[in-house]
Amino acid sequence: MRWSQYFIPTLREDPADAEVVSHRLLLRAGFVRQLGAGIYSILPLGWRVARRAERIVREEMEAVGGQEFFLPALHPAEIWKESGRWEVMGETMFRLRDRKGADMCLGMTHEEIFTSIARHEIRSYKQLPQVWFQIQTKFRDEERPKSGLMRLRQFIMKDAYTFDVDRAGLDKSFENQRSAYKKIFDRCGIKYHIVEASSGAMGGSESNEFMARTSAGEDFIAVCESCDYAGNLEKATSKIPAVEDEAGPDAPEEFPTPGVRTIEDLTTFPGGAAAERQVKTLVYVATDGKTQEQYPVLALLRGDHQLHEVKLGDSLGASAVRPAQNEEIVELLGASAGSLGGVGARDKAAASKKSLRVVADNSLKGRRNMTTGANKDDHHLRGVGVERDIKPDTWADLRTVQKGEACPNCESGTLDIFKAMEIGHIFKLGTKYAESMGATVLTKDGKEVPIVMGSYGIGIERILSAAVEQSHDADGIVWPKAIAPFDVVVTVTNVKQQEIVDAGERLYEELRRAGLEVLLDDRDERAGVKFKDADLIGIPLRVTVGKKVSDGKVELFDRATKQSEDVGLDEVAGRVQGSALSGL
RNA sequence: CGGGGCGUAGCGCAGCCUGGUAGCGCGUUCGGUUCGGGACCGAAAGGUCGGAGGUUCGAAUCCUCUCGCCCCGACCA
C-alpha cells in the first residue's frame, strides 16, 4: 500500500470526547470514527487489524474442530419467545416490526438460532459432538455505551457453541475451547488472566472469563502473585486468619449505645468492640430469579468486612438485589440502620408479615461473644453467638476480597487486585436451551436426552482495545506484530530526491515479494511528519530510506524499543522478515 | 434511569454572563523558501452557531421545548 493513496486520517490533536487511551489513540491514528453512541465505523487501518485478529480466531477455532457458519442478525421474535428470553432480555434487545407488523429483533447472541438448527438436524448421539461458530455483528442496546470500542451497541463477536450428548462431553469441549482461547490471546499479544466468574441468573454451572489487565477495564479481578489462581471479584475468595473468641455470657446482653451508628463508632464507644468482633447487619431486597417475587434479606458479615452484592445475589439465586430503603428497614425490624442485628430478626419480620432470609458470611462460622445491633435504636447486644442466637438460614461467601490477602489456592501467595476488561467468556450452558427449545438426541441405549451445550464468545473490537490499552506509549500505538495493520512501513524521507525514492520503491517491492504486508510512505511530507505518523499508527517496524542510501544503507527502527540500526540494502529484507515472523 | 458537562469552520476551542454584521489555533488550497522527529513567510477557501418555537427593532448570546454526544453512578451472559 502507498500511504499517499491510502486513507489514514490521523489527527494532530486529541479528540475531545475520547477519555480512555485506546479510544483516543484509535481515533487519532485513524483506525475508527464514531457514528453514534456505541456505534463506530471501522476504517481501513482498523479493519486490517480486525481481519488479522479474526483470522487468528478462525484458525484456532478450526483447530479444535470448529465449523464456521454465518447466521442472520435479524431474528423473528418467535424463536426468542420460545427460549423465554424475549422477556428476559428487556430493553437491551433492539426490537422492530416488519411491514406486516410482526415482532422482530436484532440478534444480541445466537444460542436460540444455533439451537434451532441443532434440534431440526441432530437426532443421534452419533452426530455429536459438534462445534459451531460464526463471526457476526451483535446488537445490544446498552444502557451506557462507553470507552470507545469497549462497550458498544453494535459489535463483532466470535460466538461458538458446542453440542454434546452428556456432561463429560461438555467438559471436554469446554476444555478444548479454553485451550483455543489461550492460543488466540497469546497469538494476539494480549496479556490476560483466566478468572472464575459468576454465571449469574442465566444459568450454567461454570464459566471462565478471559480478562485483559487495563485501568480502563470495567471489572476488578483478584490474581495470586505466585500461583495461577485468579477470580473476578464477584467470585474471588481468600484465606483470612481466624479470630479467637473468649467464651461469653449464656445469653446476649442488651446495652445502651446512644449516638452509635457505625461499626467505627462502636469500636471507640466505651464497652463497645473491635470491628472484627462485631457482626455487620445489612438489609437487602432480593428479586427471585424464577418467580420474580421480592423478599427481604439480612446479610451478615464481620464488622471489618465488605459485602459483595453479586455474591449475595448468587447465594440466593436472585436475579437482582438492592439495599433496602430506610423506611423498609424500620417497617421490617423496628429500628434504623446503625442499630440492626440478626438476633430475633426473623420474629420481628414475621410480626409485620414478612418472611426474612438470613444469610451469613462463612467467616462468621463458630463465632461467639460478638457485638451487634439490638434492632432497637441506640441499643446493641453483646455476647452474641452467631449459631446460638442468630441461626442463619444459609452460609455463603459474601465478603469482598481485599488486596494483600492470602491466596485460597496455594501456600504462600497473596492476592493482587486490579481492573481488567473482559475479552472472552466461556460458559458451560448445560441443557437450558436444549430443554426450553426441545433439542434432543437419542443415546446409545435409545433414550431421548437434551443436548448439553456450551457457549463461547470473543469480542473482536475488544481485541483491538485491549491491545492498544496494553501496548502504547506517549507517541502512539505499538501494535503486537501478529495483529498490526502492516508488518513494516518503508519511510522515504524525501520524495524529491530520486535516488532515495528509487531505493524506497525497490525495497517496497522486495519486501512485498517476501510475503510481507508493507506500507510505503511516499507522501510529499517532511520526514518529521512521517516519523510522527508512523509512530502514531504503531507499525512494529520502520525502514527509513534516507541519505545513507548513497552508502547502500537504510535504517531499521523498532517501534517498541525505539532502537534503530543501520542495515545494508541487501540484507534489509531478510532482517525485516526475520523480525516480523518472530512473533511477539 | 439519576447526577454533571458539552453541541459555534474538517479537528481543538474562544465569544454567551452584560443581545448590535462570528473569531483564534491546527488542518485544507495556492505561491515561495525549507527538507531526518508534527518548518517558515504570504495569500485564500471554509460556519443554516445541533434543531424548533418564543421574547426583541435586532438572538450564537435571553426564555421554552426538543435532538445528540461525553463523563460519574446505577445497570450489565
Side-chain angles (χ1 to χ4, degrees), chain A residues 9-20 23-24 27-28 30 33-40 83 85 88-93 108-112 138 140-148 150-153 157 159 161 197-204 206-209 216 218-219 232 234 287 289 309-310 313-314 319-323 421-422 424-430 432-433 453-459 474-476 491-497 500 521 523-536 542 544-549 554-555 557 562 564 566:
Chain A
T10 59
L11 266 19
R12 190 184 284 240
E13 289 170 90
D14 276 335
D17 284 345
E19 198 94 343
V20 303
H23 187 200
R24 207 184 76 221
L27 237 27
R28 262 197 71 195
R33 284 295 182 263
Q34 182 171 17
L35 184 60
I39 310 173
Y40 282 78
S83 72
R85 295 209 290 182
V88 175
M89 289 306 186
E91 305 254 80
T92 309
M93 182 181 263
M108 329 179 27
T109 175
H110 285 75
E111 277 84 3
E112 279 79 357
K138 305 285 197 240
R140 295 183 190 180
D141 195 0
E142 296 285 350
E143 291 181 44
R144 195 183 149 210
K146 62 173 176 179
S147 309
M150 288 181 49
R151 185 155 291 266
L152 295 166
R153 292 197 294 173
M157 184 177 184
D159 49 324
Y161 305 84
S198 164
S199 13
M202 291 311 297
E206 196 179 329
S207 91
N208 283 170
E209 287 170 335
E218 300 177 284
D219 289 281
N232 193 308
E234 65 196 34
T287 305
E309 294 190 358
V310 174
D314 285 352
S319 60
V321 295
R322 63 164 175 89
M421 74 185 276
E422 181 185 348
H425 201 161
I426 57 179
F427 273 92
K428 290 186 183 176
L429 287 178
K432 178 183 163 73
Y433 295 91
M453 294 173 56
S455 144
Y456 317 88
I458 291 179
D475 293 315
T491 302
V492 173
T493 57
N494 190 330
V495 296
K496 298 213 170 60
Q497 293 183 27
I500 294 177
D521 194 349
R523 293 175 298 167
D524 183 8
E525 287 286 353
R526 296 164 63 86
V529 172
K530 296 187 176 192
F531 295 155
K532 288 286 183 191
D533 270 344
D535 287 351
L536 181 60
R542 186 180 84 214
T544 309
V545 182
K547 1 182 208 284
K548 293 173 206 155
V549 286
V554 291
E555 212 170 275
F557 176 85
K562 293 196 163 147
S564 66
D566 288 348

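Numbered from 1 within each chain, the chains take letters A, B, ... in sequence-line order.
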### Identified pairing partner of B/C16, criterion: Watson-Crick or G-U wobble below 3.5 Å
none
### Base-pairing assignment for B/C1 (Watson-Crick or G-U wobble, both under 3.5 Å)
B/G73
#### Entry: Span that lies between the P atom of B/A43 and that of B/C24, in whole angstrom
13 Å
### Task
Would you please test A/D17 and A/Q34 for side chain to side chain donor-acceptor pair (under 3.5 Å) and show each step?
CA-CA 10 Å; A/D17 284 345; A/Q34 182 171 17; over 6 Å; no
### Query
Mind checking the C1' distance from B/G12 to B/U18? Whole angstroms is fine.
28 Å
### Message
Return the pairing partner of B/C40 with a 3.5 Å limit on both distances, Watson-Crick or G-U wobble; otherwise return none.
### Response
B/G32
### Summary
Under a 3.5 Å limit on both distances, the Watson-Crick or wobble mate of B/G27 is none
### Summary
The contact string for nucleotides 26-36 of chain B, one letter per nucleotide 5' to 3', using protein heavy atoms under 4.0 Å with B, S and - for base, sugar-phosphate only and none, comes out as SS------BBB
### Query
Reading nucleotides 70-76 of chain B from the 5' end, what letters show protein touch, with B for base, S for backbone sugar-phosphate only, - for no heavy atom under 4.0 Å?
SSBBBSB
### Message
Taking B/C49 as the reference, what is the distance to B/A9 when you measure between their P atoms (whole Å, please)?
### Response
10 Å
### Query
Got a donor-acceptor pair under 3.5 Å from the side chain of A/D533 to the base of B/G38?
yes
### Message
Suppose we define a pair by two distances each less than 3.5 Å, Watson-Crick or G-U wobble; what does B/A45 pair with here?
### Response
none
### Query
Can you name the side-chain contact (heavy atoms from CB on, under 4.5 Å) partners of A/T287, sequence neighbours left out?
A/Q292, A/Q294, A/S319, A/A320
### C1'-based separation of B/G32 from B/U61 [nearest Å]
42 Å
### Message
Applying the Watson-Crick and G-U wobble criteria at under 3.5 Å, what pairs with B/U61? Answer none if nothing qualifies.
### Response
none
### Message
For A/V492, is there any backbone N or O sitting under 3.5 Å from a side-chain donor or acceptor partner on A/K530?
### Response
yes
### Query
Side chains of A/K138 and A/H110: donor-acceptor distance under 3.5 Å anywhere?
yes
### Query
Of A/P15 and A/S455, whose nearest nucleotide on RNA chain B comes first from the 5' end?
A/P15
## Note on the structure
Rounded to the nearest 0.5 Å, the OH atom of A/Y40 sits from the CG atom of A/L35 at a distance of 10.5 Å
